[in-house]
Participant: 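My structure is below; once you've seen it, I'll send some questions.
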Amino acid sequence: MFTIQKGINLSHWLSQVFGWSPRATFITQQDITNIKQWGFDHVRLPIDEDQLWDENFNKNVEAFEYLHKCINWCLHEKLKIVIDLHILRSHHFNNANNEGAMTLWSDAAEQEHMMDVWRELSAELKQYSTCELAYEFMNEPVAPKPSMWNDLVARGYEVIRSLEPKRYIIFGPNMWQMPQFYKSFALPKSATRVILSYHTYSPLPFTHYKAGWLPLGKYEGAVHYPGKTIPDAEYDKFEEANGDGVFAAIVRENREFTKETMIAEIQPALEFARQRGFSLYCNEFGCLPSVNRAERLQYYKDLSSVFKQFNIAFAAWDFKGDFGIQAWNRETYENGAVDGELIAALLD
């Protein structure tokens, strides 16, 4: 049986590689040892199609070697592994920000190619125990219609299950795996060995405060957690200065937000998991360090408390990155300080 509880995302190594994370030094065997010693029991490893295969679908031998190295480092430390198909050439979850293509939903050939990606991955990874490694079918789908994603889930489940009858497979709902979209999510009735996932970055003006890749990153006034995310006076001033475009991104998320709000938001996911008898896994969440330090730590403590209360496994975003638990110097390629307080907040 594949069981997990407390994990961390190994981002920016085989996925979303921006030139500041050389594979030989960004994730090492010592990093995996540290993750185990801090108290985590698994890692989620995002992988991108363009990192593992070229445009002619030929394997990047070096990238696959690092993939296997990482898996074996984890197995040596008795850490379990989730292999997350994060970005396809035909699907990028931030397509709205012009970060990648979005042809998966309109091109049948691309959908079949995605099945070929999983056939190739299965051929590489089926050697590993089903008790130690699981597959996440796709990260943060953004289909124009929920039925498009549900149909692809059914097809993907059938393909992977035909290759590996006992492998655990992770699925979440459409629209960035946000929990409220479980209301329109469907799985094959016969599905077994499934783990249900969701992501949360609520409230976005707090967790992504000054994030340069989002329109609301332009806001530099006060933000808080818990309570009203943006004070009314700051809210009015921002609207006047920025107009309706950017303001619209803020207004949808500016509200009272507390631990109770966190619990209310995940009810559709909890209900779907209860109905199907599958475990629940929040495998992305985080808050940038640009907010007040004490409030950031409280946010993580409250999330951790909710996970514990409802027996939800988790994988925080991320190990070394903008949200990271360990600092990384993007110019010298050297490790920085470990945030012990943040780790303690996560691991309760």
Side-chain angles (χ1 to χ4, degrees), residues 8-21 26 44-51 84-104 138-143 172 174-178 181 198-223 225 229-230 234 238-239 241-254 257 282-292 295-296 299-300 303 315-331 336 339 342:
I8 195 78
N9 277 272
L10 302 182
S11 60
H12 305 303
W13 193 53
L14 292 172
S15 170
Q16 293 179 286
V17 177
F18 301 132
W20 45 261
S21 54
F26 188 62
R44 179 179 184 243
L45 179 55
I47 60 173
D48 290 354
E49 179 186 355
D50 69 0
Q51 295 299 307
D84 154 45
L85 184 55
H86 209 69
I87 297 172
L88 292 160
R89 285 190 170 90
S90 62
H91 186 278
H92 195 299
F93 56 91
N94 268 342
N95 169 259
N97 291 347
N98 298 313
E99 291 186 31
M102 188 69 79
T103 57
L104 180 66
M138 190 173 79
N139 173 72
E140 295 194 354
V142 192
N174 194 33
M175 302 307 288
W176 301 282
Q177 285 167 256
M178 292 190 289
F181 291 99
Y198 74 91
H199 294 179
T200 181
Y201 289 100
S202 297
L204 211 60
F206 182 78
T207 65
H208 283 64
Y209 183 53
K210 298 185 180 180
W213 61 92
L214 293 177
L216 58 80
K218 296 179 181 179
Y219 174 73
E220 295 185 349
V223 293
Y225 174 85
T229 306
I230 300 173
E234 293 281 358
F238 184 78
E239 177 185 17
N242 291 275
D244 291 339
V246 178
F247 177 67
I250 295 286
V251 71
R252 289 193 298 270
E253 288 285 338
N254 188 36
F257 204 92
C282 182
N283 54 8
E284 272 195 39
F285 64 94
C287 177
L288 290 170
S290 47
V291 300
N292 174 272
E295 293 184 3
R296 183 182 187 227
Y299 178 79
Y300 278 101
L303 269 176
W317 191 274
D318 51 358
F319 177 42
K320 297 177 186 176
D322 292 319
F323 298 79
I325 62 172
Q326 174 152 11
W328 173 257
N329 189 312
R330 300 183 183 191
E331 295 181 357
D339 193 335
L342 180 53

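Numbering starts at 1 and runs along the sequence shown.
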Participant: Are the side chains of Thr200 and Met178 in contact, using a 4.5 Å heavy-atom criterion?
Facilitator: no

Participant: What's the shortest heavy-atom distance between Glu295 and Asn292, and which atoms?
Facilitator: N-OD1, 2.9 Å

Participant: For the pair Leu288 and Tyr209, evaluate side chain to side chain contact (heavy atoms under 4.5 Å, CB included) and give the outcome as yes or no after the intermediate values.
Facilitator: CA-CA 7 Å; Leu288 290 170; Tyr209 183 53; 5.7 Å; no

Participant: Excluding sequence neighbours, so at least two apart, what forms side-chain contact (heavy atoms from CB on, under 4.5 Å) with Asp339?
Facilitator: Arg293, Arg296, Glu341, Leu342

Participant: Got a second to check how far Trp176's CH2 is from Phe93's CZ, nearest 0.5 Å?
Facilitator: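 If we round to the nearest 0.5 Å, Trp176:CH2 and Phe93:CZ are 10.5 Å apart.
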
Participant: Considering all heavy atoms of both residues, which atom of Pro46 and which atom of Trp317 are nearest to each other, and what is their separation?
Facilitator: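 That closest heavy-atom pairing would be CG-CZ3, 4.1 Å.
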
Participant: How many angstroms lie between OH in Tyr198 and CD in Glu284, if you round to the nearest 0.5 Å?
Facilitator: 12.5 Å

Participant: In the structure I gave you, are the side-chain heavy atoms of Lys320 and Trp13 within less than 4.5 Å of one another anywhere?
Facilitator: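 Contact flag for Lys320/Trp13 side chains = no.
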
Participant: So how far is it from Asn9 CG to Phe285 CZ, rounded to the nearest 0.5 Å?
Facilitator: 9.0 Å

Participant: Mind checking side-chain contact (heavy atoms from CB on, under 4.5 Å) for Ser90 and listing every partner two or more places apart, or none if nothing turns up?
Facilitator: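 Once residues adjacent in sequence are excluded, the partners of Ser90 under the side-chain contact (heavy atoms from CB on, under 4.5 Å) criterion are Leu88, Thr103, Leu104, Glu110.
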
Participant: Mind checking side chain to side chain donor-acceptor pair (under 3.5 Å) for Ser15 and listing every partner two or more places apart, or none if nothing turns up?
Facilitator: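 Asp48.
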
Participant: Is it true that a side-chain atom of Tyr219 and a backbone atom of Lys210 form a donor plus acceptor pair closer than 3.5 Å?
Facilitator: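 Pair absent, no side-chain N/O of Tyr219 close to backbone of Lys210.
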
Participant: So how far is it from Cys287 SG to Leu303 CG, rounded to the nearest 0.5 Å?
Facilitator: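 Cys287 atom SG to Leu303 atom CG measures 9.5 Å (nearest 0.5 Å).
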
Participant: Out of curiosity, Gln51 CD to Gln16 CD, how far, rounded to the nearest 0.5 Å?
Facilitator: 10.0 Å

Participant: I'd like to check the side chain to side chain donor-acceptor pair (under 3.5 Å) partners of Tyr300; sequence neighbours left out, ordered by chain and number.
Facilitator: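 Result, side chain to side chain donor-acceptor pair (under 3.5 Å) vs Tyr300: none returned.
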
Participant: For Ala327, check side-chain contact (heavy atoms from CB on, under 4.5 Å) against everything at least two apart and list the hits.
Facilitator: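 side-chain contact (heavy atoms from CB on, under 4.5 Å) list for Ala327, sorted by chain: empty.
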
Participant: With under 30° as parallel and over 60° as perpendicular, where do the rings of Phe206 and Tyr299 fit, or are they tilted in between?
Facilitator: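 Tilted.
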
Participant: So, using side-chain contact (heavy atoms from CB on, under 4.5 Å) as the criterion, who are the partners of Asn283 when residues are at least two apart?
Facilitator: Arg44, Glu136, Ile170, Gln177, Ser197, His199, Tyr281, Ala315

Participant: Taking only residues at least two apart or on different chains, which pairs with a member in residues 8-19 satisfy salt bridge (charged side-chain N to carboxylate O under 4.0 Å, His left out)?
Facilitator: none

Participant: So, using side chain to side chain donor-acceptor pair (under 3.5 Å) as the criterion, who are the partners of Asp322 when residues are at least two apart?
Facilitator: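 Result, side chain to side chain donor-acceptor pair (under 3.5 Å) vs Asp322: Arg330.
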
Participant: For His91, what residues pass the ring-ring contact (aromatic ring centres under 6.0 Å, His included) criterion, not counting sequence neighbours?
Facilitator: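 For His91, the residues satisfying ring-ring contact (aromatic ring centres under 6.0 Å, His included) (neighbours in sequence not counted) are Trp105.
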
Participant: With sequence neighbours excluded, what pairs up with Glu49 under the salt bridge (charged side-chain N to carboxylate O under 4.0 Å, His left out) test?
Facilitator: Arg89

Participant: Please report the interatomic distance CD1(Ile8) to CG(Leu45), rounded to the nearest 0.5 Å.
Facilitator: 13.0 Å

Participant: Under a 3.5 Å distance rule, please check whether Thr207 uses its side chain to pair with a backbone N or O of Tyr201 as donor and acceptor.
Facilitator: yes

Participant: Please report the shortest heavy-atom distance between Asn174 and Ala143, naming the atom on each side.
Facilitator: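 Taking every non-hydrogen atom into account, OD1-N, 2.8 Å.
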
Participant: Mind checking ring-ring contact (aromatic ring centres under 6.0 Å, His included) for Phe181 and listing every partner two or more places apart, or none if nothing turns up?
Facilitator: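 If we apply the ring-ring contact (aromatic ring centres under 6.0 Å, His included) test to Phe181, skipping adjacent residues, there are no hits.
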
Participant: Quick one: side chain to side chain donor-acceptor pair (under 3.5 Å) partners of Ser11, sequence neighbours excluded?
Facilitator: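 In terms of side chain to side chain donor-acceptor pair (under 3.5 Å), with neighbours along the sequence ignored, Ser11 is linked to Asp318.
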
Participant: Under 6.0 Å between ring centres, would you say that holds for Trp20 and Phe26?
Facilitator: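 Distance test on ring centres: under 6.0 Å, yes.
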
Participant: Classify the ring geometry of Trp213 against His208: parallel below 30°, tilted from 30° to 60°, perpendicular beyond 60°.
Facilitator: perpendicular

Participant: Quick one: does Phe257's side chain get under 4.5 Å of Pro205's, heavy atoms only?
Facilitator: no

